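If you read the sequence from its start, that first residue is 1, and numbering goes on from there. As the structure is a prediction and not an experimental result, all values here were calculated from the model.
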Amino acid sequence: MFITFEGTEGCGKSTLIRHLSTALFDQKIPHVVTREPGGSSLAESLRSLILNQEMDPITELFLYEAARTEHFKQTVLPALNAHQWVLCDRFTDSTIAYQGFARGLNIKMIEGLNKIATEGRSPDLTFFLDLSVEEGLARAVDPNKFEKAGVVFQKKVRKGFLYSIKKSKKRWAILKVKNKTPEQVCAEAMRIILKKAK
């Protein structure tokens, strides 16, 4: 299974992925944990530039798609071909949300570039960690330019995720994370994953 994790800043994706990785390890399910931007040697070298350097939105988009192409071909595809599960912190839906809805770039253009970068492959399951933008920003611990962009920007990002959810409902699972422990969120996600995997 190819599973991706999406949400606004500070929603708890990384924590959930760590817990799920432990749960999959306990069940002896071989898997790879990866992230975007990053996940391969070249893509990781672009990560700091993308997350911290101010640039034209089109430049930002192309850097994301370049990093994604490398990540997909060097990490995601080889893992799937080796019958390993892939847990990926952000993927194509983030580009639609951040560069499309928040930066104002053309959605159809982004969707086309996403298809090129991933050879048309979509995740089997995508989790959306649902938390208010304000609470997420208060919890965020990985300072970058997208966190610094503030509440109004993140609300546009959230609209982008809701657009993608509406467009392909069967792929998405929404996790309400407010007032839940990481263990509770992980247990809920694991139930969804195992049901999907049957």
Between [Y] and [X], is there a side-chain heavy-atom distance shorter than 4.5 Å?
X: Glu111; Y: Lys167; result: yes
X: Gln99; Y: Pro57; result: no
X: Leu194; Y: Gln27; result: yes
X: Arg35; Y: Ile17; result: no
X: Lys195; Y: Leu125; result: no
X: Glu60; Y: Leu105; result: no
X: Leu61; Y: Met109; result: yes
X: Thr95; Y: Leu113; result: no

Problem set entry | Lys196 atom NZ, over 12 foreign heavy atoms within 6.0 Å |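 Check passes, neighbour count above 12.
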What residues form a side-chain hydrogen bond (donor to acceptor under 3.5 Å, both in side chains) with [X], not counting sequence neighbours?
X: Ser14; value: Asp89
X: Asp130; value: Arg158, Lys176
X: Thr126; value: Thr4, Arg171

Any chance you could measure [X], atom [atom1], to [Y], atom [atom2], to the nearest 0.5 Å?
X: Arg121; Y: Lys115; atom1: CZ; atom2: NZ; value: 14.5 Å
X: Ser94; Y: Arg68; atom1: OG; atom2: CZ; value: 8.0 Å
X: Thr8; Y: Glu6; atom1: OG1; atom2: CD; value: 11.0 Å
X: Gln74; Y: Ser41; atom1: CD; atom2: OG; value: 9.0 Å

Between [X] and [Y] (side chain of the first, backbone of the second, donor and acceptor by atom type, cut-off under 3.5 Å), is there such a pair?
X: Glu135; Y: Ser132; value: no
X: Lys145; Y: Ile50; value: yes
X: Ser45; Y: Leu42; value: yes
X: Thr75; Y: Gly39; value: yes

Exercise. Stepwise, does the side-chain contact (heavy atoms from CB on, under 4.5 Å) test hold for Leu20 with Ile3?
Worked result: CA-CA 11 Å; Leu20 281 175; Ile3 306 169; over 6 Å; no
Problem set entry | Pairs satisfying ring pair (Phe, Tyr, Trp, His ring centres under 6.0 Å), at least one member in residues 142-198, at least two apart |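 Sorted pair list: Tyr98-Phe146, Phe101-Tyr163, Phe128-Phe161.
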Exercise. Which pairs pass ring pair (Phe, Tyr, Trp, His ring centres under 6.0 Å) with one or both residues in residues 49-93, sequence neighbours excluded?
Worked result: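 Of all non-adjacent pairs touching residues 49-93, those that pass ring pair (Phe, Tyr, Trp, His ring centres under 6.0 Å) are Phe2-Phe91.
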Problem set entry | Partner of Pro182 by side-chain contact (heavy atoms from CB on, under 4.5 Å), out of Thr15, Val177, Leu16 |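 So, applying the side-chain contact (heavy atoms from CB on, under 4.5 Å) to Pro182 and each of Thr15, Val177, Leu16, only Thr15 qualifies.
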For this session: Could you go through the salt bridge (charged side-chain N to carboxylate O under 4.0 Å, His left out) check for Arg191 and Glu188 one step at a time?
Result: CA-CA 5 Å; Arg191 285 194 295 272; Glu188 185 179 348; 5.2 Å; no
For this session: Give the other cluster members for Leu137, using side-chain heavy-atom distances under 4.5 Å between Ile, Leu, Val, Met, Phe, Trp and Tyr residues; answer none if it is isolated.
Result: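 Val133, Val151, listed by chain and number.
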Exercise. Can we say Arg90 and Glu9 salt-bridge, meaning some charged N sits less than 4.0 Å from an Asp/Glu carboxylate O?
Worked result: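 Counted as a salt bridge, because a side-chain N and a carboxylate O are separated by less than 4.0 Å.
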Problem set entry | Short N-O contact, Glu134 and Lys155, less than 4.0 angstrom |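 Salt bridge flag = yes for Lys155 with Glu134.
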Exercise. Do Leu162 and Leu129 share a hydrophobic cluster, counting only Ile, Leu, Val, Met, Phe, Trp and Tyr and linking them when any side-chain heavy atoms are less than 4.5 Å apart?
Worked result: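 Cluster IDs for Leu162 and Leu129 differ.
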